[in-house]
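Predicted model only: the values in this text are computed from it and were never measured.
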Amino acid sequence: MKLSSISIIFFFATLQALSVLQVNSQSTDSCNSNLNLDLPFDTSLLNCLPVWSRHDFILRYVRNLSNVWNFVLSAPDTNSFVAMGFSTTGQMVGLSAVVGWVSADGSGTVKQYFLGGQRPNLVVADQGNLTIVENSTSITSRSSRVYLAFQLNTSQPLSRVLYSVGQIGVIPSAPGFALAEHRDKVSTLLNYRTGTSASDSQHSRLRKSHGILNMLSWGILMIIGAMAGRYFKQWDPMWFYSHAAIQSCAFLLGLAGIISGFVLEDRLNAEVDTHKALGILILVLGCLQVMAVFARPGKESKVRKYWNWYHHNGGRIVILIAIANVFYGIHLGEDDGTSWNAAYAVVISILFLLSIILEVKLWRQN
């Protein structure tokens, strides 16, 4: 009797375990699974790869015609939106994203969004730079997963791809379809040719090094060195050695920062032409300033005043362009650049106020 009871209990426990395994298998997806979806394009030749292990995102894609790419993004159904965005810099701001969700009644909605900024009113529905093939979008919930499908008309999609998932139970609604802040996101670098995807976080240290080096050198030390050369001439010759030492350190650190920028651009394949052009201009002007030091005429020379005019005003131009490019770089390099902007703005404000005080003092002395 006891043996029979134990057998019955074991039998029902086995059935329960098998049912749990079946449910779990139905709620998962893998690149070995077959897609039985009603889509307007062929899914048999799709390349497949996991792109976000934390949230079990799986991407399938293929180029089926000369300028048409098919995408199917698979993710767990958490009653929230899922999004796939294409960015030139790897950051949220400025990207265009395909966002989809399934409502409580089972109907699916897919829209393109343009993220013009961090404020909610700058995340605009039905706008963006993606050319989505008409009637190609769909999102389906099946076996506890959602499948976001769409086609892009482009010769080559951007390789900087971001994925995000919304807050559980929060989905956009009519009439504005405002997109709430995501619950989590990841920035990746997708190689369409090899079918590999890497998290962009591995380049965050290089990005921060590039920003800190240029901010400290061109954006701060260069200003301090210029102030030493203008306001502390009463301590001769200490002012000259301080000015030369500070500017030399600023130039060397700035050179390292610009080189790291070239390396970063090459690794990320980012389109930052304006930021790059300003950086090269700053480097060229900085080199001209260094070369001018070796051609400095004597104090008694008639051309000394022209050299002074060139050296002083050239330095001011470098500083102004550098400050602008530092702020622009913060805008490009950080999703949440508010703290960096605020910190650098405080430093620049302090140096500016100090310069005004010293300028007034110098004017009174003269």
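Taking CD1 of I246 as the start and CD1 of I220 as the end, the distance is 12.5 Å to the nearest 0.5 Å. Between Q365 atom CD and W363 atom CH2 the span is 12.0 Å, to the nearest 0.5 Å. To the nearest 0.5 Å, atoms NZ (K185) and CZ (R54) are separated by 10.5 Å. Atoms CD and CD1, from Q247 and I223 in turn, are 10.0 Å apart once rounded to the nearest 0.5 Å. In this structure, the separation between CZ on R193 and CD on Q156 is 10.5 Å, given to the nearest 0.5 Å. The structure places CG of L253 at 13.5 Å from CE of M215, a figure rounded to the nearest 0.5 Å.
Closest non-hydrogen pair, N79 versus D77, comes out as N-OD1, 3.2 Å. The heavy-atom pair separating I171 from S80 by the smallest distance is CG2-CA, 3.9 Å. In terms of heavy-atom proximity, L162 sits nearest to M92 at CD2-SD, 3.5 Å. Shortest non-hydrogen contact noted between L49 and T196 is CD1-C, 3.8 Å. Contact record, S217 with G254: OG-CA, 3.1 Å, taken as the closest heavy-atom pair. Of all heavy-atom pairs spanning I139 and G108, the tightest one is CG2-CA, 3.6 Å.
For the 3.5 Å distance criterion, the side chains of N32 and S30 fail to qualify, holding no donor opposite an acceptor.
Side-chain atoms of R160 and L189, non-hydrogen and from C-beta on, do get closer than 4.5 Å to each other. The closest side-chain heavy-atom distance from I282 to M222 is not below 4.5 Å. Here the side chains of W218 and I321 are not in contact, with every heavy-atom distance at 4.5 Å or above. For the pair K111/D126, a side-chain contact is recorded, criterion being any heavy-atom separation below 4.5 Å from C-beta on. Contact check for Y147 versus L35: side-chain heavy atoms found under the 4.5 Å cut-off. For the pair R145 and D56, the minimum side-chain heavy-atom distance is below 4.5 Å. Taking 4.5 Å as the limit, some side-chain heavy atom of L152 sits within range of a side-chain heavy atom of I132. In this structure the side chain of L358 never reaches within 4.5 angstrom of the side chain of R230, judged on heavy atoms.
Counting heavy-atom neighbours within 6.0 Å of Y306 OH, excluding the residue itself, gives a total of 12 or less. More than 12 heavy atoms of other residues, nucleotides or ligands sit less than 6.0 Å from atom CG of N313. Other residues, nucleotides and ligands place no more than 12 heavy atoms under 6.0 Å from the CD atom of E134.
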Between L255 and L283, is a side chain to side chain contact (heavy atoms under 4.5 Å, CB included) present by the stated rule, with each step listed? CA-CA 7 Å; L255 180 61; L283 179 62; 3.9 Å; yes
Which is it for Q151 and N64 under the side chain to side chain contact (heavy atoms under 4.5 Å, CB included) test, yes or no, and what are the steps along the way? CA-CA 10 Å; Q151 289 180 299; N64 64 351; 3.7 Å; yes
Could you walk me through whether I348 and V326 satisfy the side chain to side chain contact (heavy atoms under 4.5 Å, CB included) test, starting with their C-alpha distance in whole Å, then the side-chain angles of each, then the deciding distance to 0.1 Å, before giving a yes or no? CA-CA 11 Å; I348 293 299; V326 167; over 6 Å; no
Evaluate side chain to side chain contact (heavy atoms under 4.5 Å, CB included) for M84 paired with L59, printing each intermediate quantity in order. CA-CA 10 Å; M84 179 177 178; L59 177 67; 3.8 Å; yes
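When atom types are taken as modelled, the side chain of S187 and the backbone of G90 share a donor-acceptor pair closer than 3.5 angstrom. Within the 3.5 Å criterion, the main-chain N or O of F327 finds no donor-acceptor partner in the side chain of Y344. At least one donor-acceptor pair under 3.5 Å links the side chain of T188 to the backbone N or O of V161. Using modelled atom types, one side-chain atom of N214 and one backbone atom of G257 make a donor-acceptor pair closer than 3.5 Å. Side-chain atoms of N121 never come within 3.5 Å of backbone atoms of V123 as a donor-acceptor pair (strictly under, hydrogens ignored). Checking side-chain atoms of Q112 against main-chain N and O of L130 turns up a donor-acceptor pair under 3.5 Å.
Remark: Y163 engages no residue in a ring-ring contact (aromatic ring centres under 6.0 Å, His included) (not counting sequence neighbours). Every side chain to side chain contact (heavy atoms under 4.5 Å, CB included) that L39 has, sequence neighbours left out, goes to L37, F41, T43, V72, S138, A149. The side-chain hydrogen bond (donor to acceptor under 3.5 Å, both in side chains) check on N135 picks up nothing, with sequence neighbours excluded. A search for side chain to side chain contact (heavy atoms under 4.5 Å, CB included) contacts involving S355 returns M227, Y231, not counting sequence neighbours. With sequence neighbours excluded, no residue forms a side-chain hydrogen bond (donor to acceptor under 3.5 Å, both in side chains) with H243. When the side-chain hydrogen bond (donor to acceptor under 3.5 Å, both in side chains) test is applied to N191, the partners found at least two apart in sequence or on another chain are T194. Remark: F262 engages I258, E265, K276, I280 in a side chain to side chain contact (heavy atoms under 4.5 Å, CB included) (not counting sequence neighbours).
Both W52 and L73 are assigned to one and the same hydrophobic cluster, defined by single-linkage of ILVMFWY side chains at heavy-atom distances under 4.5 Å. In terms of hydrophobic clustering, with Ile, Leu, Val, Met, Phe, Trp and Tyr side chains grouped at heavy-atom distances under 4.5 Å, I58 and V62 are assigned to different clusters. Hydrophobic clustering of Ile, Leu, Val, Met, Phe, Trp and Tyr side chains at less than 4.5 Å, counting indirect connections, keeps W235 apart from I357. Residues I212 and L278 share a hydrophobic cluster, clusters being chains of Ile/Leu/Val/Met/Phe/Trp/Tyr side chains in contact below 4.5 Å. Under the 4.5 Å side-chain contact rule for hydrophobic residues, Y192 and F57 share a cluster.
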List the atom pairs, with distances to 0.1 Å, where a side-chain N or O of residues 286-300 and a protein N or O form a donor-acceptor pair under 3.5 Å, not counting sequence neighbours.
{"from": "Q289", "atom 1": "NE2", "to": "H311", "atom 2": "O", "distance (Å)": "3.0"}
{"from": "Q289", "atom 1": "NE2", "to": "H311", "atom 2": "ND1", "distance (Å)": "3.4"}

N/O donor to acceptor pairs below 3.5 angstrom from side-chain atoms of residues 95-104, sequence neighbours left out:
{"from": "S96", "atom 1": "OG", "to": "N129", "atom 2": "N", "distance (Å)": "2.7"}

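Cluster partners of V360, by chain and number: F352, I356. The rule joins Ile, Leu, Val, Met, Phe, Trp and Tyr whenever side-chain heavy atoms lie under 4.5 Å apart. Grouped by direct or indirect side-chain proximity (heavy atoms under 4.5 Å, Ile/Leu/Val/Met/Phe/Trp/Tyr only), V124 sits alone.
Ring centroids of F81 and Y113 are separated by 6.0 Å or more, keeping the two rings apart.
Sorted by first and then second residue, the side-chain hydrogen bond (donor to acceptor under 3.5 Å, both in side chains) pairs involving residues 172-183 (not counting sequence neighbours) are T78-R183.
The only option from F114, W69, F71 that meets the ring pair (Phe, Tyr, Trp, His ring centres under 6.0 Å) definition with F86 turns out to be F71.
The aromatic rings of H331 and Y328 lie parallel to each other, with less than 30° between the two planes, well short of the 60° mark.
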